[in-house]
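Labels below follow one simple rule: chain letters A, B, ... track the order of the sequence lines, proteins then strands, and each chain is numbered from 1.
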Amino acid sequence: DAGVTQSPTHLIKTRGQQVTLRCSPKSGHDTVSWYQQALGQGPQFIFQYYEEEERQRGNFPDRFSGHQFPNYSSELNVNALLLGDSALYLCASSAGLGRNSYEQYFGPGTRLTVT
Amino acid sequence: RKEVEQDPGPFNVPEGATVAFNCTYSNSASQSFFWYRQDCRKEPKLLMSVYSSGNEDGRFTAQLNRASQYISLLIRDSKLSDSATYLCVVNTNAGKSTFGDGTTLTVKP
């Protein structure tokens with residue numbers, strides 16, 4: 001039973017560039033949430049996708065956008081990268097909406113460094 | 001003020017000790033509560049859900065006090081392998097998850 005997978009594991013970009021991160025949810029899960037985790041802090045909620053639509057969004061600018069595909073996999077896109085975007089980006093999957101969707105399983109993350 | 005606040009760490013305890021972590025949340029519309037564990041440079045992993053009636057899983061006990069908007073995690077008989085950062089998570093019914101910044105526990109021989 002495959003868990004949540006993310007790619008790439010590490011990425012180095014320069015300011016102003018754009019980046020796309022990818023996530024495949026755990027088998028049987030259809031909801032994907034994205035988080036940004038800076039060093040020494042807890043994960044910050046970016047947004048959640050279900051049925052290919054953004055259902056919830058945290059306090060992140062429009063430079064952060066996403067997409068969910070029919071096979072439930074998801075992408076996170078960040079435009080016009082800033083130094084402050086350097087962080088660990090985590091993808092979490094869960095089943096459906098409602099109470100069951102709160103038990104989230106995380107992927108190993110993509111560590112993004114912006115120089 | 002952060003929506004979810006946790007005890008500042010780090011907690012350094014000897015093996016066999018009992019340690020308790022606290023977490024407070026500000027959104028009274030919060031519906032679900034969890035504790036996650038995160039090892040250094042790894043992803044968070046679900047430790048346990050937290051219910052109003054309290055729940056216990058082996059050496060771990062979680063409690064929720066909705067009136068005080070307070071969550072706790074108690075670890076009894078600490079093991080070296082319990083060393084990690086413990087994250088408190090609060091969810092609204094709409095599906096938004098808010099994590100605390102975590103409390104770091106180091107269990108020493």
Do NZ/NE/NH1/NH2 and the carboxylate oxygens of [X] and [Y] come within less than 4.0 Å?
X	Y	answer
Glu43(B)	Arg37(B)	no
Asp85(A)	Lys13(A)	no
Arg41(B)	Asp39(B)	no

Exercise. Answer with side chain, backbone, both or neither: which region of Thr98(B) has an atom nearer than 4.5 Å to a non-hydrogen atom of chain A?
Key: neither
Quiz prompt | Gln38(B), part contacting chain A, at a heavy-atom distance under 4.5 Å | solution = side chain
Quiz item: Taking every heavy-atom pair that is under 4.5 Å apart, which of Ser33(A), Gly109(A), Gly107(A) has the most such pairs with chain B?
Solution: Gly107(A)
Self-check item: Closest-packed option against chain B by number of heavy-atom pairs under 4.5 Å, given Gln44(A), Arg57(A), Gln56(A)
Solution: Gln56(A)
Quiz item: Can you tell me if Gln6(B) uses its side chain to pair, donor with acceptor, with the backbone of Tyr86(B) under 3.5 Å?
Solution: yes
Quiz item: Does any heavy atom of chain B fall under 4.5 Å from the side chain of Tyr35(A), the backbone, both, or neither of them?
Solution: side chain
Exercise. Establish, yes or no, whether a centroid distance under 6.0 Å links the rings of Tyr25(B) and Phe33(B).
Key: yes
